[in-house]
Trainee: 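I have a structure here, written as structure tokens, and I will follow up with some questions on it.
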Amino acid sequence: MTGLPRWDRCAVMGVVNVTPDSFSDGGRWFDPESAVKRGLDLVAEGADLIDVGGESTRPGATRVDEAEELRRVVPVVRELVDRGALVSVDTTRASVAERAIEAGARLVNDVSGGRADPAMVPLVAERAVPFVVMHWRGRSLDMNERAVYADVVGEVIAELRESVEGAVGGGIAPERLVVDPGLGFAKRAEQDLTLLAALGRLRAELPFPLLVAASRKRFLGRVLAGPDGTPPPARERDAATAAVSALAAAAGAWAVRVHEARASADAVRVARAIEEANSRA
Ligand SMILES: Nc1nc2ncc(COP(=O)(O)O)nc2c(=O)[nH]1
């Protein structure tokens with residue numbers, strides 16, 4: 001099946017970063033065996049699909065070469081698929097996406113929305129797989145210098161529309177596209193919060209399934225910071241992440257992308273139950 005997976009509720013996309021340096025779980029799943037186990041554990045905790053990435057996108061991260069990204073990602077995708085998981089690949093490289101699709105990945109999650117690698121859109125079009133288009137203003141090294149907006153919601157919508165037009169113009173069927181506001185990418189905490197407050201507008205003005213990826217991000221740390229302004233470490237932001245998952249599900253998000261699945265799986269089920277009760281009222 002090459003269509004976009006759909007559920008009767010907001011789905012939970014579990015994150016497996018096969019990297020030594022991702023911002024919140026760098027190094028924990030760096031060897032293939034632990035990465036595969038992590039993915040299966042996330043499924044057991046309620047994740048509907050697993051997003052496998054081999055290159056950190058955190059601010060300031062340096063690039064991984066293609067061979068290394070392939071080495072990290074492809075065996076983990078293949079084993080998770082063989083074990084029955086629905087898998088997406090988190091990459092900006094067409095060559096990695098291609099090999100991941102060959103290994104059974106059913107969706108390409110490209111944080112650059114096709115802007116980083118000109119070969120990506122043609123590949124995704126040719127393979128006819130679903131494609132996540134995230135709002136992106138450039139690579140990690142200097143992206144927060146680009147967190148300058150007169151109207152962050154309006155500009156993110158407009159720039160996502162441009163990326164969507166590029167994807168459709170390059171041959172990707174619109175029904176295979178997912179959009180994502182790119183929380184934490186060229187955005188400061190206040191801008192992330194403003195975007196989350198505007199999920200209804202994003203849904204209204206971008207008629208595509210919406211992916212919300214707030215998990216453990218810096219803006220949550222700022223919200224949770226103590227009296228001295230010190231944020232909790234990333235791994236202590238999962239309850240806050242689940243709160244965003246509930247809000248995203250209530251706003252009609254297609255999926256939430258999270259590092260810990262259980263709390264968000266419960267959150268989206270509660271949101272669905274409330275929506276169903278409301279429709280019966
Ligand atoms: N679609 C999408 N993919 C992403 N991949 C990585 C990260 C940041 O790193 P992480 O893997 O540690 O969350 N954020 C996003 C995001 O916001 N949206």
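Counting starts at 1 for both ligands and their atoms, in listed order. All of these numbers come straight from a predicted model, not from anything done at the bench.
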Trainee: Give the numbers and elements of all ligand 1 atoms closer than 4.0 Å to a heavy atom of Val111.
Mentor: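 Numbered from 1, ligand 1 contributes 3 (N), 4 (C), 5 (N).
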
Trainee: Would you mind listing which atoms of ligand 1 come within a distance below 4.0 Å of any non-hydrogen atom of Leu211?
Mentor: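 Answer, ordered by atom number: 1 (N).
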
Trainee: Given Arg137, which of Glu155, Glu145, Glu162 fulfils the salt bridge (charged side-chain N to carboxylate O under 4.0 Å, His left out) condition?
Mentor: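 Single salt bridge (charged side-chain N to carboxylate O under 4.0 Å, His left out) partner of Arg137 among Glu155, Glu145, Glu162: Glu155.
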
Trainee: What atoms of ligand 1 come closer than 4.0 angstrom to any heavy atom of Asn109?
Mentor: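 Matching atoms, with element in brackets: 1 (N), 2 (C), 3 (N).
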
Trainee: Answer yes if the side chains of Ser163 and Arg115 hold a donor-acceptor pair under 3.5 Å, and no otherwise.
Mentor: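 Note: Ser163 and Arg115 side chains meet the donor-acceptor criterion.
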
Trainee: Answer with yes or no whether the side chains of Thr92 and Asp110 bring together a donor and an acceptor at under 3.5 Å.
Mentor: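 No donor-acceptor contact under 3.5 Å links the two side chains.
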
Trainee: Between Arg72 and Phe30, is a side chain to side chain contact (heavy atoms under 4.5 Å, CB included) present by the stated rule, with each step listed?
Mentor: CA-CA 8 Å; Arg72 292 176 182 182; Phe30 194 30; 3.3 Å; yes

Trainee: What atoms of ligand 1 come closer than 4.0 angstrom to any heavy atom of Ala213?
Mentor: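 Those of ligand 1 that fall under 4.0 Å from Ala213 are 16 (C), 17 (O), 18 (N).
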
Trainee: Are side-chain N/O atoms of Thr91 and Glu69 paired as donor and acceptor at under 3.5 Å?
Mentor: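 Checked: Thr91/Glu69 side chains pair up, N/O donor to acceptor below 3.5 Å.
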
Trainee: Give the residue, atom name and distance (to 0.1 Å) of the protein heavy atom nearest atom 5 (N) of ligand 1.
Mentor: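 So the nearest neighbour among protein heavy atoms is Asp90 OD2, 2.8 Å.
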
Trainee: What atoms of ligand 1 come closer than 4.0 angstrom to any heavy atom of Met134?
Mentor: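 Numbered from 1, ligand 1 contributes 2 (C), 16 (C), 17 (O), 18 (N).
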
Trainee: Contact between Arg9 and Glu276 at the side-chain level, heavy atoms closer than 4.5 Å - yes or no?
Mentor: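 With C-beta onward as the side chain, the pair stays apart.
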
Trainee: Any sub-3.5 Å donor-acceptor pair from Arg257's side-chain atoms to Val212's backbone N or O?
Mentor: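 Not at all, since once roles are kept as given, no pair shorter than 3.5 Å links the two residues.
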
Trainee: Of the protein's non-hydrogen atoms, which lies at the shortest distance from atom 11 (O) of ligand 1, and what is that distance?
Mentor: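 Its nearest protein heavy-atom neighbour is Arg257 NH2, 2.8 Å.
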
Trainee: For ligand 1, which atoms sit closer than 4.0 Å to a heavy atom of His259?
Mentor: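 Answer for ligand 1: 10 (P), 12 (O), 13 (O).
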
Trainee: Do Lys217 and ligand 1 have an N or O pair less than 3.5 Å apart?
Mentor: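 Such a contact does occur with ligand 1.
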
Trainee: Is ligand 1 less than 4.0 angstrom away from at least one heavy atom of Arg216?
Mentor: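 No.
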
Trainee: Give me the nearest non-hydrogen protein atom to atom 2 (C) of ligand 1 as residue plus atom name, then the distance to 0.1 Å.
Mentor: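 Looking only at protein heavy atoms, the one closest to atom 2 (C) of ligand 1 is Asp180 OD2, 3.2 Å.
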
Trainee: Using distance alone, decide if ligand 1 has a nitrogen or oxygen within less than 3.5 Å of any nitrogen or oxygen in Asn17.
Mentor: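 N/O-N/O distance below 3.5 Å exists for this pair.
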
Trainee: Are Val15 and Met13 joined in one hydrophobic group, where the rule is that I, L, V, M, F, W and Y side chains link up if heavy atoms are under 4.5 Å apart?
Mentor: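 The answer is no; the residues belong to distinct hydrophobic clusters.
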
Trainee: Taking only heavy atoms of Thr57 into account, list the atoms of ligand 1 that are under 4.0 Å away from them.
Mentor: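 The list of qualifying atoms is 6 (C), 7 (C), 8 (C), 9 (O).
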
Trainee: Do Thr19 and Asn17 have side-chain atoms, one donor and one acceptor, less than 3.5 Å apart?
Mentor: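 On atom types as modelled, these side chains do not qualify, holding no pair under 3.5 Å.
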
